[in-house]
Protein chains: 2
Amino acid sequence: MAGSNEDALKGLGHLALGTRLKRLGDRLQAHAQVILDEAKVPVPASHLPPLAALDSGGAMTVGDLSRALGVTQPGVTRMTGALETAGLVRSGAAEDDGRARVIELTPAGRGLLARLKRHTFPLIEAAVREACGDDPGRLLGQLAVLEDALEELPLAARAARLAKGARRHD
Amino acid sequence: MAGSNEDALKGLGHLALGTRLKRLGDRLQAHAQVILDEAKVPVPASHLPPLAALDSGGAMTVGDLSRALGVTQPGVTRMTGALETAGLVRSGAAEDDGRARVIELTPAGRGLLARLKRHTFPLIEAAVREACGDDPGRLLGQLAVLEDALEELPLAARAARLAKGARRHD
DNA sequence: GGGACTTACATAACCTGTTATCCAATTTGG
DNA sequence: CCAAATTGGATAACAGGTTATGTAAGTCCC
């Protein structure tokens, strides 16, 4: 019999780290969604990043948002389309460039953001921080280390180098 | 005016932790995929967890796999379907229960796993460990803390408690 | 033993991201 | 000034997960 499962991912250790990170991220978002729902926020959590970016950065184009959020341009097009349907943002051609579409918050969007910043975001922030354990910054630090490392030298390159070094033991 | 921006995104800070974890996980998987491709592994990285689970746990049903991997049952159905098409697993009704479908590795699947365990997994493992920085276990530990915390008390409950405590400052 | 629940899986529809490609507007260079 | 290259965005197709629901097999209980 398989005995106690669960350890399948654990057994893969660092190999499954990617899977594990994704799942944990998903779960965090789902939990945050519950808080948002309780606060009667009329948008899914996934739409908050663009709203926050527009709030802090002011009106900007699709491309700007794409860069600001780190999601691809089609993703931004879809998100902003949904937000526009929800009445939280509006958009129009840029004055100086007919190709660019400038997105800005509507009053409704600004109002929502104001409420969120005052009541909801701090709550989520505090709850997540608490869930992170004694030293909340440490997790973020570890993530940054990993992100930077991947940026600096891809895994494949590291693997190749390690393989070369290990070959004599083979 | 929003003044110094940043604080909207700061407010999102830990809400964005979910997004960040997911994105980092994605990137890790993409990097691992490169290594797998170079090793001529004929499956996407996302299919390795079920293979590894079957390898370590032996033949098991769809439901077992779902629990072992932490993905939903339809997800397992799809994954195993693809693996079966690829000839790496096979399946059949359980002897004692006509509803259950038991999945097991084919010889090809076992062979692939053997090769991976010998050559590829250790490489990925080592590369990821290196990328994680000086103390590779610490990140896993942090993740476990967060996972356990979410399990033990959902964010919404934490938020509710924190909100109650903070109300007198409102 | 036969009807009502329960269980295990399959299927469908959806969500949210991706890459690939197309179109229109702008810029550039001859 | 017009043709070519570039740029900003939209659209389509796909990926990999999810939830919701359907269906067949098993179990319970009168």
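Below, chains carry the letters A, B, ... as their sequence lines are ordered, and counting in each starts from 1.
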Search all heavy atoms of B:Ala93 against all heavy atoms of B:Gly98 and return the closest pair with its distance. CB-O, 4.3 Å

Does OP1 or OP2 of [N] have a side-chain N or O of [X] closer than 4.0 Å?
X       : N      : answer
B:Thr61 : C:dC9  : yes
A:Thr77 : D:dG9  : no
A:Ser46 : C:dC15 : no

Polar pair under 3.5 Å, donor/acceptor by atom type, side chain B:Gln73, base C:dA8: no

Under 4.0 angstrom, heavy atoms only, what part of the nucleic acid is A:Val76 near: base, sugar-phosphate, or nothing? nothing

What's the [atom1]-[atom2] distance between [X] and [N], to the nearest Å?
X       : N      : atom1 : atom2 : result
B:Arg23 : C:dT16 : CZ    : P     : 15 Å
A:Arg99 : D:dA5  : CZ    : P     : 16 Å
A:Asp26 : C:dG17 : CG    : P     : 11 Å
B:Leu65 : C:dA10 : CG    : P     : 11 Å
B:Gln33 : D:dG16 : CD    : C1'   : 13 Å
A:Leu48 : C:dT16 : CG    : P     : 12 Å
B:Glu84 : C:dA10 : CD    : P     : 9 Å

Taking atom types as modelled, find out whether [X] and [Y] have a side-chain donor-acceptor pair closer than 3.5 angstrom.
X       : Y        : value
B:Ser91 : B:Glu84  : yes
A:Ser46 : A:Gln29  : no
B:Arg90 : B:Thr106 : no
A:Gln73 : A:Thr77  : yes

Residue whose closest nucleotide on DNA chain C lies nearer the 5' end, B:Val102 versus A:Gly70: B:Val102

For the side chain of B:Arg101, starting at C-beta, report the closest nucleotide among C:dA10, D:dT18, C:dT19. C:dA10

Considering heavy-atom distances to DNA chain D, does A:Pro74 or A:Lys22 have its closest nucleotide positioned more toward the 5' end? A:Pro74

Note: for A:Asp97 and B:Arg78 on DNA chain D, the residue whose nearest nucleotide lies more 5' is A:Asp97

